[in-house]
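Model, not experiment: these values are computed from the prediction.
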Amino acid sequence: KEVDGKTGSFSRTVYQSMLTDLGCNTNHFRWVIENCSILPTVKQDCRKAIDTYSNSIPQIKEIAGNYLPVIDVEEEISESWQAYLGLKNYLTLEDYLFLLTEFAMDADNAADNRNRVSCIYQKLVEFGCLDSERLRNQITDWAAHNKICSENNIFMAPSELSHITLEGFSSKNRVYI
């Protein structure tokens, strides 16, 4: 619905054309969606739509848990509502790396996050990170300042971990995969 109506003052009316001439948004609902933190998220707060992830992203609950601001409603958001609201409807490499960073800082839930770490590693492969030099460099830059999960649920610098898969060999501080 477009904005149009009385201002509350005697003989003063606001018409849609007046707002349009002033460059104002005449769709109040659209303005609220774009400018107000009104969408509830799993982080127990409200966010703007542009800062909120759709709950219909495949595996979003399994991967992100409560670490990303995913819209907190019972039903999955339809594609048309996702588009209208402007929700984030996919995870980027930056999102996956952010999650890995969050998991490393949340030592109390390291065991619970093991499956999430595995899912993210799989998503990184599916994302094409092994085939893209640009993506590999982005991960390498991230790894220089972050930690990843070892087999014993301790987050360590990648340079301190090893990954040996040959039969008969063992290594200290093996990376969790």
Side-chain angles (χ1 to χ4, degrees), residues 37-83 85-177:
S37 298
I38 61 166
L39 297 178
T41 74
V42 298
K43 294 184 75 61
Q44 304 299 311
D45 63 4
C46 291
R47 306 274 175 115
K48 292 179 184 178
I50 197 167
D51 300 324
T52 305
Y53 293 84
S54 171
N55 63 359
S56 61
I57 298 171
Q59 294 183 293
I60 189 72
K61 291 177 185 171
E62 295 85 2
I63 293 173
N66 293 334
Y67 293 92
L68 290 177
V70 177
I71 192 165
D72 190 15
V73 294
E74 289 183 25
E75 299 293 322
E76 281 192 7
I77 303 295
S78 69
E79 286 184 28
S80 61
W81 271 107
Q82 282 182 56
L85 294 173
L87 297 173
K88 296 180 181 185
N89 58 6
Y90 59 89
L91 295 175
T92 64
L93 174 59
E94 290 81 10
D95 294 324
Y96 292 123
L97 296 177
F98 170 81
L99 286 168
L100 289 173
T101 301
E102 289 294 299
F103 301 158
M105 293 188 301
D106 188 6
D108 293 340
N109 293 307
D112 296 336
N113 288 331
R114 281 178 72 95
N115 288 339
R116 289 187 176 104
V117 169
S118 291
C119 285
I120 289 174
Y121 290 165
Q122 181 60 40
K123 292 291 182 182
L124 293 178
V125 171
E126 292 171 10
F127 215 63
C129 293
L130 299 178
D131 302 324
S132 166
E133 184 176 348
R134 182 184 63 78
L135 296 178
R136 280 195 318 270
N137 288 340
Q138 191 172 347
I139 293 171
T140 301
D141 292 344
W142 172 86
H145 307 287
N146 289 279
K147 298 178 179 180
I148 59 176
C149 190
S150 69
E151 273 196 341
N152 57 358
N153 288 335
I154 297 172
F155 283 83
M156 304 175 76
S159 61
E160 297 174 12
L161 296 168
S162 61
H163 177 67
I164 298 176
T165 58
L166 298 174
E167 191 174 321
F169 286 91
S170 64
S171 61
K172 184 179 178 186
N173 297 333
R174 290 192 62 188
V175 67
Y176 174 72
I177 52 172

When rounded to the nearest 0.5 angstrom, what distance separates CZ in F98 from CG in L91? 11.5 Å
Checking the side chain of S56 only, and the main-chain atoms of I77 only, is there a donor and an acceptor separated by less than 3.5 Å? yes
Spatial distance of atom CD (E102) from atom CZ (R116) [nearest 0.5 Å]: 12.0 Å
Donor-acceptor contacts, no H, no angles, side chain residues 137-149, under 3.5 Å, sequence neighbours left out:
unit_1: N137; atom_1: ND2; unit_2: E133; atom_2: O; d: 3.3
unit_1: Q138; atom_1: NE2; unit_2: E94; atom_2: OE2; d: 2.6
unit_1: T140; atom_1: OG1; unit_2: R136; atom_2: O; d: 2.8
unit_1: W142; atom_1: NE1; unit_2: L97; atom_2: O; d: 3.4
unit_1: W142; atom_1: NE1; unit_2: T101; atom_2: OG1; d: 2.9
unit_1: N146; atom_1: OD1; unit_2: T101; atom_2: OG1; d: 3.0
unit_1: N146; atom_1: ND2; unit_2: W142; atom_2: O; d: 2.7

Would you name the heavy atoms of I60 and V70 that are closest together and state the gap between them? CG1-CG2, 3.6 Å
Does N55 reach the main-chain N or O of D72 with its side chain, forming a donor-acceptor pair under 3.5 Å? no
For K61, does the NZ atom have more than 12 heavy-atom neighbours from other residues, nucleotides or ligands under 6.0 Å away? no
So how far is it from I50 CD1 to L39 CG, rounded to the nearest 0.5 Å? 12.0 Å
In short, ring-ring contact (aromatic ring centres under 6.0 Å, His included) pairs touching residues 44-80 with sequence neighbours left out are Y67-F103
I need the E79 CD to N89 CG distance, nearest 0.5 Å. 8.0 Å
Greater than 12 external heavy atoms within 6.0 Å of E126's CD: yes
Minimum heavy-atom distance between I57 and Y90, given as atom pair plus value: CD1-N, 3.6 Å
Would you name the heavy atoms of S37 and C46 that are closest together and state the gap between them? O-CB, 3.4 Å
Donor-acceptor contact present, side-chain N113 to main-chain N109, <3.5 Å: yes
Please name the pair of heavy atoms, one in A49 and one in L85, separated by the smallest distance, quoted to 0.1 Å. CB-O, 3.0 Å
Could you walk me through whether I63 and K123 satisfy the side chain to side chain contact (heavy atoms under 4.5 Å, CB included) test, starting with their C-alpha distance in whole Å, then the side-chain angles of each, then the deciding distance to 0.1 Å, before giving a yes or no? CA-CA 10 Å; I63 293 173; K123 292 291 182 182; 3.8 Å; yes
Taking every heavy atom of T52 against every heavy atom of R47, the minimum-distance pair comes out as OG1-CB, 3.3 Å
In Å, rounded to the nearest 0.5 Å, how long is the span from CG of L100 to OH of Y121? 6.0 Å
Kindly give the heavy-atom pair with the smallest separation between D51 and K88, and that separation in Å. CA-CE, 4.2 Å
